[in-house]
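Reviewing the structure listed below.
Atoms within each ligand, like the ligands themselves, are counted from 1 in listed order. The model shown is predicted, which means the values in this text are computed figures rather than measured ones.
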Amino acid sequence: MIDKNDWRITNQENYLKNKELIYAHYKPYSSKWDHDHCAFCNDTFSEYGSDLHEGYCTLDHYYWICSNCFNDFKDMFKWKVVNE
Ligand SMILES: [Zn+2]
């Protein structure tokens, strides 16, 4: 069990608690962007080489969460994955 003092926790409770998520292939939120970061560990999502290509995101594709962080924090944040 991850505790609340984990270095990856900042203020995500304000915008990610109890959210519905989908597991998706990375797609930029805006056509002006070509990458995003995991909302917790800051790993990079993009369509390029060694970056992450798949993960969990909010229904609007705005916030992305990598699989590691998803597994670590899913109980704390009570996420509901709606496309599994
Ligand atoms: Zn992460």
Side-chain angles (χ1 to χ4, degrees):
M1 191 70 184
I2 299 288
D3 76 77
K4 282 196 186 313
N5 297 319
D6 189 277
W7 66 271
R8 291 169 291 181
I9 296 280
T10 51
N11 63 343
Q12 293 96 339
E13 280 210 356
N14 297 336
Y15 51 88
L16 285 174
K17 188 107 191 221
N18 300 315
K19 288 287 183 188
E20 292 188 334
L21 302 178
I22 49 177
Y23 187 77
H25 190 86
Y26 177 68
K27 179 170 84 150
Y29 174 74
S30 156
S31 59
K32 296 191 183 77
W33 299 354
D34 66 356
H35 73 280
D36 245 299
H37 295 281
C38 172
F40 291 87
C41 70
N42 219 35
D43 261 11
T44 304
F45 287 92
S46 82
E47 291 168 338
Y48 305 122
S50 59
D51 294 335
L52 298 169
H53 303 301
E54 289 181 347
Y56 294 87
C57 63
T58 48
L59 302 186
D60 58 6
H61 289 84
Y62 189 75
Y63 293 110
W64 287 81
I65 303 161
C66 75
S67 296
N68 276 343
C69 294
F70 175 83
N71 285 318
D72 286 349
F73 297 117
K74 63 185 176 193
D75 295 329
M76 189 185 292
F77 282 79
K78 305 193 188 315
W79 291 318
K80 184 163 185 262
V81 178
V82 295
N83 69 339
E84 263 184 354

Checklist entry - Taking the side chain as C-beta and beyond, is there a heavy-atom pair between F77 and K19 under 4.5 Å? => result no
Checklist entry - Does any non-hydrogen side-chain atom of F73 lie less than 4.5 Å from one of L16? => result no
Next on the checklist: Quick one, T44 and D36 - any side-chain contact, counting heavy atoms below 4.5 Å?
Outcome noted: no
Checklist entry - In terms of hydrophobic clusters joined by side-chain contacts under 4.5 Å, are Y62 and Y23 together? => result yes
Item to check | Residues clustered with W64, ILVMFWY side-chain links under 4.5 angstrom | outcome: Y26, F45, L52
Item to check | With F40, the side chain to side chain contact (heavy atoms under 4.5 Å, CB included) member among N68, D6, I65 | outcome: I65
Checklist entry - Protein N, O or S atoms less than 2.8 Å from the Zn ion (ligand 1), ignoring waters? => result C38 SG, C41 SG, C66 SG, C69 SG
